[in-house]
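In what follows, a single structure is set out as structure tokens and then discussed.
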Amino acid sequence: MAHTELDLRERRAIEDMLNAKVPVSKIAAEIGRHRSTVYREIKRNFFTDEELPYLNGYYGMVAQREASKRRARRRKLIRLEALRTHVVGRLIEGWTPEQIAGRLGFEDQPVRVSHETIYAYVYSKEGQSEDLARHLPSRRRKRRLRYARRPRGQVFPPDRSIHQRPEYVATRETFGEWEGDLMIFERSQGKMNVASLVERKTRFAVLFRNNDRSSTHFINKLMDVMEPLPQPARKSITFDRGFEFREWRKLKSGIGTESWFCDPQAPWQKGSVENLNKRARRYLPRDTQLAALSNRKMKAICDRLNGTPRKCLGWRTPTEAFRAEMMKLR
């Protein structure tokens, strides 16, 4: 769907509902916009008067006028022919938008333009008709998002690779080394999912419902679940490279837990939690209605998984093995 900016009718509706103390989320639903759009609109066009602070507030007409001014600034290269000719000429000569904008400032030209405005013009309908993008160093025909995702090598650095993980973790010699993952469900469930954790030595499983796939939400919820354990019982967690785990640094600073990461497309390297997910699917199929899944029901599933004897534990249950290890910490 094409992007459309808010119009005066919508801005007046926002003003009326704000005056009536209607929550922003409900305002967004009423005008058919995302709540982030409405929050951004209010913040960007909020009127303030230092001399008469009681006049501070959001006004639809003022917001419309400010938005029109911003659009006019963005269209500077269309309105000013001499400036446009100068910029296009420099692009053809091989200058970058940043060099063009910087030189205008260096020469103290009366009319200047930012490099962002030049990029916006290059990728606008007018710029595309002149095929200006081919003169840029990158020569991209479509512009990347300004805040595009970083390469995963930067999010998950090499020193956090599973190959740098201490050998004793791989041999399951020590207690307190975990693996973590997310169990994904049908699209109709929205962003809701179930987080799965398993302690590698005892195979003790922890499942909890996670209502948002954002990394910040997941890591905060994970810390809430793990924090009651003593520090030696939560030394590290191994994840895959999903972006749900990109805020992993908070674990070290928040609860003192190290993070390790599998190779790309190698979930088998955290086989314990993959095995847990497979067994948990007996009770949590993909069509599970997560909104109706109570904490009591989730605990019952964990208890059943942890109460089943395991051959790898000498036919002890994960609960028995976990309790024995916890007793050693006292």
Side-chain angles (χ1 to χ4, degrees), residues 1-4 6 10 13-14 17 22-41 145 147-150 152 155-156 178-198 205-226 237-248 250-251 261-262 264-306 308:
M1 185 169 65
H3 166 73
T4 56
L6 292 167
E10 291 173 307
I14 292 173
M17 285 187 275
V22 177
V24 171
S25 58
K26 190 170 182 181
I27 294 175
E30 287 289 331
I31 66 175
R33 297 280 188 167
H34 194 277
R35 63 180 181 276
S36 296
T37 300
V38 180
Y39 275 117
R40 191 163 51 245
E41 167 65 20
L145 295 174
Y147 305 107
R149 287 178 167 179
R150 291 177 294 169
R152 297 198 182 196
V155 179
F156 308 113
W178 297 73
E179 294 178 6
D181 200 7
L182 290 186
M183 296 175 64
I184 307 303
F185 294 79
E186 289 183 346
R187 186 172 296 180
S188 60
Q189 302 299 315
K191 297 180 180 180
M192 300 177 73
N193 55 78
V194 170
S196 54
L197 299 167
V198 62
V206 175
L207 301 175
F208 61 89
R209 192 177 71 183
N210 183 44
N211 294 333
D212 194 328
R213 289 190 67 178
S214 75
S215 185
T216 299
H217 179 91
F218 168 74
I219 294 296
N220 288 340
K221 188 73 179 289
L222 176 59
M223 288 194 293
D224 289 342
V225 170
M226 298 291 285
I237 307 179
T238 301
F239 303 104
D240 60 32
R241 296 185 178 234
F243 268 92
E244 298 86 358
F245 312 123
R246 66 182 179 274
E247 298 291 337
W248 57 271
K250 292 183 178 179
L251 289 176
F261 297 96
C262 301
Q265 288 82 50
W268 52 268
Q269 291 178 335
K270 53 178 180 60
S272 296
V273 76
E274 294 294 328
N275 179 269
L276 167 63
N277 292 346
K278 183 178 179 180
R279 291 188 297 116
R281 284 294 182 189
R282 295 174 60 188
Y283 314 106
L284 296 169
R286 289 186 175 273
D287 61 353
T288 300
Q289 297 299 308
L290 295 182
L293 191 63
S294 65
N295 291 335
R296 185 175 180 180
K297 175 67 173 176
M298 188 70 76
K299 184 179 183 303
I301 295 172
C302 287
D303 289 345
R304 177 169 291 190
L305 292 169
N306 290 325
T308 304

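Computed from a predicted structure; not experimentally measured.
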Using distance only, find each side-chain donor-acceptor pair of residues 293-305 under 3.5 Å and give its atom names and separation, not counting sequence neighbours.
residue, atom, partner, partner atom, Å
S294, OG, K297, N, 3.1
K299, NZ, D303, OD2, 2.9

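- With sequence neighbours excluded, no residue satisfies salt bridge (Lys or Arg N to Asp or Glu O under 4.0 Å) with R40.
- Using a 4.5 Å cut-off on side-chain heavy atoms (C-beta onward), I31 and M17 make contact.
- One distance of note links CE of M226 with CD1 of I237; it measures 4.5 Å at 0.5 Å rounding.
- Under the rule for a side chain to side chain contact (heavy atoms under 4.5 Å, CB included), the partners of V225 that lie at least two apart in sequence or sit in another chain are V206, F208.
- Rounded to the nearest 0.5 angstrom, N193 CG and N210 CG are separated by 4.5 Å.
- Legend: residues meeting salt bridge (Lys or Arg N to Asp or Glu O under 4.0 Å) with E274, ordered by chain and number and at least two apart, are K270.
- Counting heavy atoms from C-beta outward, L197 and L222 have side chains that approach closer than 4.5 Å.
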Run K250 and T216 through side chain to side chain contact (heavy atoms under 4.5 Å, CB included) and show every step you take.
CA-CA 9 Å; K250 292 183 178 179; T216 299; 3.5 Å; yes
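- The CD atom of E244 sits 4.0 Å away from atom CZ of R213, with the distance rounded to the nearest 0.5 Å.
- Remark: side-chain polar atoms of E247 are not paired, donor with acceptor, to backbone N or O of I219 under 3.5 angstrom.
- For the residue pair I27 and V22, the shortest heavy atom distance occurs at CD1-O, 3.5 Å.
- Across N277 and S196, no two heavy atoms sit closer than the pair OD1-OG, 2.7 Å.
- Listed by chain and residue number, R33 satisfy the salt bridge (Lys or Arg N to Asp or Glu O under 4.0 Å) test with E10 (two or more places apart in sequence, or in another chain).
- In terms of heavy-atom proximity, A28 sits nearest to H34 at CB-C, 3.8 Å.
- Every residue was checked against the side chain to side chain donor-acceptor pair (under 3.5 Å) condition with S215, not counting sequence neighbours, and none meets it.
- Atom OG1 of T288 sits about 12.0 Å away from atom CZ of R209, to the nearest 0.5 Å.
- Listed by chain and number, the residues in a side chain to side chain contact (heavy atoms under 4.5 Å, CB included) with P264 are R241 (sequence neighbours excluded).
- Residues passing the side chain to side chain donor-acceptor pair (under 3.5 Å) test with D212, sequence neighbours excluded: none.
- Note that CD of E41 and OG of S36 are 13.0 Å apart. Values are rounded to the nearest 0.5 Å.
- Here T308 pairs with nothing under the side chain to side chain contact (heavy atoms under 4.5 Å, CB included) rule; sequence neighbours left out.
- Taking R279 as the reference, N275 meet the side chain to side chain donor-acceptor pair (under 3.5 Å) condition, with sequence neighbours excluded.
- Two residues are said to be in side-chain contact when any heavy atoms from C-beta on lie closer than 4.5 Å; M223 and L251 meet this criterion.
- If you take OG on S188 and CD on Q289, they are separated by 6.0 Å, rounding to the nearest 0.5 Å.
- With sequence neighbours excluded, no residue forms a side chain to side chain donor-acceptor pair (under 3.5 Å) with D224.
- Legend: residues meeting ring pair (Phe, Tyr, Trp, His ring centres under 6.0 Å) with F245, ordered by chain and number and at least two apart, are F218, F239.
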